[in-house]
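Report on the following structure.
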Amino acid sequence: RTTLFAGETAVFELRVENTGTTTVAYVPQLDEFGTNCLEFLPKADPPESDYSNDVGYVDWNDLTVSNGVDLAPGQVFVTQVSFLVKAPSSGNSEPGYNTMRVSGALDINGEPVPDAQDTFQFSCATRPALAVDKSLVTPQNRTVLLTGETVSFQVVVTNTGPTTLAYIPLLDLYDTGCLGFVPKADPPESSELPGYIDWADLTVSNGTDLDPGDAFTTTLTFQVVGPTLPVTTTAGVNTAGVYGALDVNGYPAPDAQDSVQYICAAPASIGDYVWLDLNGNGLQDEPPGSGLNGVTVRLYRDDGDGVFEPGTDDGLVATTVTAGDGGYLFDMLHAGDYWVDVDETTIPAALTLTTGVDPMPVSVDYGDAYLGADFGYSGADLAISKRDNFDPVAAGTVLTYTLVVSNAGPTDARDVVVTDTLPAGLTFVAAVPVPAGGPNPLTWNLGTIPVGQSITVVVTTTVNSGAAGILTNVAQAG
């Protein structure tokens, strides 16, 4: 090529051939160059005798001495000279030259050899340049992509050189095991195959050449398609590159590329069931239709200390509301430690938790489906009524109380205890069933009262002699 770019090393080869019939015994060589474009890099091969980058020459006093032999007919002396290409002092390109000459050579008989020279003409130019920056823009601030989500990458091509770029082909390569391209890009691609997206020329796609300092931005959208279970994670890379760009002078820009590395992962999920624990045993053994509808459930990401700190250190990930069957699910989750928290204000009144803890800590890895975050609730609306068989009653007579303990639901009442405190003036005689404690207060351990059922307790007392006025008997169930 005849265009040399600033900053590169140019190597010139100087060939001196004996085209005569006698051996040449003295060969002085001079290489002259334009200092506007070139700076000599010592040492040449063979080494020079003298040089000047100010004047622009390299000198060999006698190539027969440098090469250690006279130059026989048909033989050639080869000298390699290296130069640093300098940036043009004005504009983007300047003409340059390198002229070698042999003047005053003599053969072994002392006869002069005619002078000879050759010149290489070229241009020195500032090389066009560009930079490629590839980034993941959606989602931001993470490099783990979940199967099923949509992600976007951005490619920024910036003209970092001094000349306008007129031809910019862009290529984007991606792992098909992780990603599936979603046409169309912005600006639209020229062609695409699995793992390969091509823009023939970004200056055409954008309708303009790319001036120094300006940039073209291309946005690409993908669907995360892998991995597929049982594989839970796989590494991926997305590389964008510009290969073969040219500026308005037809000069090539060095190729440039950039890559984004990421992990594609199968998402985790957490969920299951919030239900009415009719028998209060903490087990899901209720008939269909026992789910609690409209219960708010929240998921928090633990900050690593294992302490539930909602709204502060533990960030809220998602909120959902149970469906008619009491079911709920948090999906598209990353591996980590979480808290599942039921909003107790959305639980019907009088119900209490019968299972585990709330909030519930749950840890999942990629690909896990944790369906054990269950919350059962139980509670009963107990009522107690009481009547006596005589009112008023005379001293020394028998007084019978009847207590009826009933359960209006919504769940069975378990471990029911009834307490009856007799007033002064009454003496306990007997009770059915027999009390577990007494005589005052009297207590009964009634066990479980199913929804809609009741238990009756009959207490027999006598009125003490001398008793007078209103006698108050208080009973309670719980």
Side-chain angles (χ1 to χ4, degrees), residues 127-228 231 233-267 332 334:
R127 183 189 291 272
L130 57 85
V132 175
D133 179 61
K134 183 72 178 278
S135 60
L136 178 65
V137 293
T138 305
Q140 292 183 331
N141 303 320
R142 65 176 168 93
T143 56
V144 177
L145 311 180
L146 298 178
T147 303
E149 70 179 342
T150 300
V151 299
S152 296
F153 292 85
Q154 194 172 78
V155 182
V156 179
V157 179
T158 304
N159 185 344
T160 58
T163 59
T164 297
L165 297 174
Y167 173 63
I168 307 174
L170 174 65
L171 177 65
D172 190 80
L173 302 175
Y174 62 92
D175 289 306
T176 57
C178 278
L179 301 179
F181 177 59
V182 179
K184 297 280 193 174
D186 182 19
E189 64 280 359
S190 303
S191 63
E192 65 100 3
L193 293 170
Y196 172 103
I197 311 168
D198 172 66
W199 291 259
D201 184 357
L202 287 181
T203 67
V204 175
S205 301
N206 288 275
T208 181
D209 291 344
L210 188 60
D211 291 329
D214 289 347
F216 287 150
T217 298
T218 303
T219 302
L220 305 86
T221 301
F222 295 87
Q223 189 78 19
V224 184
V225 297
T228 302
V231 178
T233 60
T234 184
V237 62
N238 187 306
T239 299
V242 173
Y243 310 101
L246 300 174
D247 72 359
V248 290
N249 302 310
Y251 297 151
D255 296 341
Q257 68 178 39
D258 192 25
S259 298
V260 174
Q261 295 181 335
Y262 47 85
I263 300 294
C264 290
M332 299 300 290
H334 288 268

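The chain is numbered in sequence order, starting from 1.
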Task: Leu173 vs Tyr196 side-chain heavy atoms within contact, under 4.5 Å - done: yes
Open item on the list: Please give me the minimum heavy-atom distance between Pro183 and Glu189, naming the atom from each residue.
Closed with: CB-OE2, 3.7 Å
TODO: Would you name the heavy atoms of Leu165 and Ala253 that are closest together and state the gap between them?
DONE: CD2-CB, 4.4 Å
TODO: For atom CD of Gln261, decide whether the heavy atoms of other residues, nucleotides or ligands shown that lie under 6.0 angstrom number more than 12.
DONE: no
- [ ] For residues 154-173, pull every pair meeting salt bridge (charged side-chain N to carboxylate O under 4.0 Å, His left out), keeping only residues two or more places apart or in separate chains.
- [x] Lys134-Asp172
Open item on the list: If I compare all heavy atoms of Asp209 with all of Ala166, which pair ends up nearest, and what's the gap?
Closed with: OD1-CA, 3.7 Å
Task: Closest non-hydrogen atom pair between Gly226 and Val224, with its separation - done: O-CG1, 3.5 Å
Open item on the list: What's the separation between atom CG in Leu202 and atom CG in Leu210, rounded to the nearest 0.5 Å?
Closed with: 8.5 Å
Open item on the list: Contact between Thr147 and Pro227 at the side-chain level, heavy atoms closer than 4.5 Å - yes or no?
Closed with: yes
Open item on the list: Using modelled atom types and a 3.5 Å cut-off, is there a donor and acceptor pairing between side-chain atoms of Asp175 and backbone atoms of Cys178?
Closed with: no
- [ ] Say whether, by atom type as modelled, one donor and one acceptor occur between the side chain of Asp255 and the main chain of Gly244 under 3.5 angstrom.
- [x] yes
Open item on the list: Which heavy atom of Pro128 sits nearest to which heavy atom of Thr163, and what is that distance?
Closed with: CB-OG1, 3.6 Å
Open item on the list: Could you measure the distance from the CZ atom of Phe216 to the CG atom of Leu170? Nearest 0.5 Å is fine.
Closed with: 11.0 Å
Task: Check against side-chain hydrogen bond (donor to acceptor under 3.5 Å, both in side chains), Asp186 and Thr219 - done: CA-CA 5 Å; Asp186 182 19; Thr219 302; 5.2 Å; no
TODO: Mind telling me whether Tyr174 and Phe181 have parallel, tilted or perpendicular rings, with 30° and 60° as the class edges?
DONE: tilted
Open item on the list: For a quick check under 3.5 Å, do Asp201 and Thr203 share a side-chain donor-acceptor pair by atom type?
Closed with: yes
Open item on the list: According to side chain to side chain contact (heavy atoms under 4.5 Å, CB included), who are the partners of Gln257, at least two apart in sequence or on a separate chain?
Closed with: Thr239, Tyr243
- [ ] Check whether any side-chain N or O of Trp199 sits under 3.5 Å from a backbone N or O of Leu171 as a donor-acceptor pair, and report yes or no.
- [x] no
Open item on the list: I need the minimum non-hydrogen distance between Tyr262 and Leu145, along with the two atoms involved.
Closed with: CD1-CD1, 3.8 Å
Task: Ser190 and Asp198 side chains, donor-acceptor separation under 3.5 Å - done: no
Open item on the list: Rounded to the nearest 0.5 Å, what separates atom CD in Glu149 from atom CD in Gln223?
Closed with: 8.5 Å
Open item on the list: Would you say Gln154 and Ser135 are linked by a side-chain donor-acceptor pair, where the criterion is simply a distance under 3.5 Å?
Closed with: no
TODO: Please answer whether the main-chain N or O of Gly161 pairs with a side-chain N or O of Asn159 as donor and acceptor at a distance below 3.5 Å.
DONE: yes
Task: Short side-chain to backbone donor-acceptor contact, Asn206 and Thr208, under 3.5 Å - done: no
Task: Separation between CG of Leu136 and CZ of Phe222, rounded to the nearest 0.5 Å - done: 10.5 Å
